[in-house]
2 protein chains.
Amino acid sequence: MAKPKSKPKLSTAAARLADFPRPLTTVDLAIFTVREGALQVLLVKRPDEPGEPHPGAWALPGGFVDIGRDRDLEACARRKLKEKTSVASPYLEQLGSWGGKERDPRGWSATHVYFALIADPGEPLAGANAPAAAWYPIAGEGVKVKLAFDHRELLAAAVIRLRSKVEYTSLPVYLLPREFTLTELQRAFEIVLGRPVEKSAFRDRIKAGDFLEEVPRLRTGQQRPAQLYRVKKLGEVVFFPRTFSPRKE
Amino acid sequence: MAKPKSKPKLSTAAARLADFPRPLTTVDLAIFTVREGALQVLLVKRPDEPGEPHPGAWALPGGFVDIGRDRDLEACARRKLKEKTSVASPYLEQLGSWGGKERDPRGWSATHVYFALIADPGEPLAGANAPAAAWYPIAGEGVKVKLAFDHRELLAAAVIRLRSKVEYTSLPVYLLPREFTLTELQRAFEIVLGRPVEKSAFRDRIKAGDFLEEVPRLRTGQQRPAQLYRVKKLGEVVFFPRTFSPRKE
DNA sequence: ATTCGTAAGTGGGACAGTACCCCTATTGTG
DNA sequence: CACAATAGGGGTACTGTCCCACTTACGAAT
């Protein structure tokens with residue numbers, strides 16, 4: 001099974017364990033929101049200290065798993081999300097894992113990548129010992145700045161997964177505040193998908209999904225007020241039976 | 001970011017690294033095929049040696065990442081797949097990762113789970129130093145035997161992912177030999193989905209997907225011979241615009 | 001007070017895709 | 001010649017997109 005063949009046979013399992021140097025283990029996060037009419041991702045600046053790889057470069061927030069504090073990978077991801085945004089994310093999903101010899105100069109490493117959707121919390125807080133953080137708009141499948149490690153690849157995978165799931169799920173509700181209008185929700189879909197969406201078809205779809213409830217308030221503005229809605233069960237994701245607009249294109 | 005707060009500040013990144021004990025890192029595989037009219041998964045028997053957890057229990061095949069031999073996680077998965085089935089899998093996909101304090105008695109561990117689809121290779125080879133292996137039919141979301149570690153959960157996730165993707169992709173072609181008839185392919189869909197599929201609708205769907213080519217041979221039998229087909233591009237997976245049978249049920 | 005502009009929200013009809021059912025033809029075996 | 005399974009065609013019904021038009025509700029301008 002997992003026995004190194006070039007070495008003499010060892011008699012105890014404990015001794016065999018020692019034959020396998022352990023990879024570095026990290027968790028990274030792709031945290032998305034909709035800000036200023038664009039899909040944006042939260043990036044942090046790598047520390048500028050001796051021995052740190054990619055000093056000063058932008059990267060996805062994340063870091064080493066702390067086997068003392070983190071009971072499991074998701075708890076680790078939630079901890080880091082909280083540290084970065086002070087937001088208890090309504091939506092957190094594992095994207096996958098990337099591991100290999102070359103991706104970190106400090107050695108063979110494996111990272112577990114999660115992606116989170118949150119409502120725009122405003123400018124990221126740059127506390128005293130908090131590293132510099134900033135929202136970057138998504139352009140294509142990534143951002144315009146260079147990213148540390150293989151984070152360009154991780155981010156691209158996250159963007160692709162997000163876009164593809166938005167085609168057939170209700171995910172974008174978690175990019176908005178708890179309460180929103182149908183038009184705002186439609187804009188969120190359009191921003192993620194990067195194309196316009198038919199109003200009638202969109203509203204039919206949402207109605208058929210039956211995952212929103214009216215809240216007894218209105219969004220007032222210059223024109224006719226809009227009904228406010230929110231998801232019935234926070235965290236719930238509805239799968240539609242068809243992809244979004246098969247007729248287009 | 002990932003700095004333990006209870007300890008004195010260290011001056012070098014290398015020293016900080018040492019503060020993070022590394023989790024055990026493994027790769028596990030859910031290898032599926034269609035055998036004897038059922039969806040089946042390959043299991044191996046855990047070694048019966050001192051110090052080994054869950055001795056003699058059935059488990060998903062897998063083992064420690066070998067950072068000397070495996071350039072990355074997928075290579076590690078392919079190596080283990082090859083060792084177990086001597087099959088170069090046409091389809092291998094990462095399912096996700098599970099990590100936590102409790103899942104392995106040897107300590108905090110993280111496993112990277114892949115699932116593979118292969119054509120029925122017959123009985124698994126029980127070589128000299130190869131552990132006992134066997135195909136088990138899937139019942140519900142798992143198998144009837146108890147599994148080691150948290151493998152029941154991993155397998156359930158794999159089965160759910162497989163079933164759900166079969167609703168809108170061409171995946172089952174990789175559960176069959178390279179060449180097959182449309183009826184055999186339909187049976188494969190039905191076996192995975194666990195429900196009958198309309199013949200006309202099925203054939204329309206396959207034709208619309210346009211991923212099969214005729215091979216100039218026929219499957220002869222007791223009746224009218226059937227046209228043999230195979231996928232045009234090995235490894236390709238087609239996504240249909242709708243889930244399989246929204247009208248039913 | 002009336003009019004105007006704008007965005008919200010509703011509704012109908014054409015159209016495409018396809019699930020579903022039924023029927024027929026084909027082509028081997030016994 | 002009957003049988004069995006493959007292959008394929010036709011027709012209906014239903015779903016959901018897409019397009020267009022219309023009404024509603026508010027603030028602002030006149």
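Within every chain, numbering begins at 1; the chains are lettered A, B, ... in the order of the sequence lines, protein sequences first and strands thereafter. Computed from a prediction, not measured in an experiment: that's the story for all the values here.
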*If the plane angle is over 60° it's perpendicular, under 30° parallel, otherwise tilted; pick one for A/Y168 and B/Y168.*
tilted
*asked:* With a 4.0 Å cut-off on N to O distance, would you call B/R103 and B/E153 a salt bridge?
replied: no
*Separation of atom CZ in B/F240 from atom C1' in C/dA16, rounded to whole Å*: 18 Å
*Hey, which of B/L95, B/L81, B/L73 is the one that makes side chain to side chain contact (heavy atoms under 4.5 Å, CB included) with B/Y114?*
B/L73
*Can you tell me how far P of D/dA7 sits from CG of B/L185, to the nearest Å?*
12 Å
_Enclosure of B/R178 CZ (heavy-atom neighbours >12, cutoff 6.0 Å)_ = yes
*From B/I31 CD1 over to B/Y91 OH, what is the distance, rounded to the nearest 0.5 angstrom?*
14.5 Å
*Contact class for B/D204 vs. all strands (heavy atom < 4.0 Å): base, sugar-phosphate, or nothing?*
nothing
*With a 4.0 Å cut-off, would you call A/E167 and A/R205 a salt bridge?*
no
*Taking OP1 and OP2 of D/dT17, is either one under 4.0 Å from a side-chain nitrogen or oxygen of A/R205?*
yes
*Figure out the CZ/P separation between B/R242 and D/dC14, and round it to whole Å.*
14 Å
_Check: B/L60 main-chain N/O paired with B/H151 side-chain donor or acceptor under 3.5 Å_ = yes
*Where does DNA chain D form stems of at least three consecutive Watson-Crick or G-U wobble pairs, each pair having both distances below 3.5 Å?*
C:1-30 with D:1-30
*Quickly work out the A/I206 CD1 to D/dT17 C1' distance and round it to whole Å.*
14 Å
*asked:* Tell me the interatomic distance from A/E198, atom CD, to D/dG16, atom C1', rounded to whole angstroms.
replied: 13 Å
*Between A/Q227 (side chain) and A/E214 (backbone), is there a donor-acceptor pair under 3.5 Å?*
no
*For each nucleotide in nucleotides 4-12 of chain C, reading 5' to 3', give B when a protein heavy atom comes within less than 4.0 Å of its base, S when such contact involves only the sugar-phosphate, and - otherwise.*
-BBBBBBB-
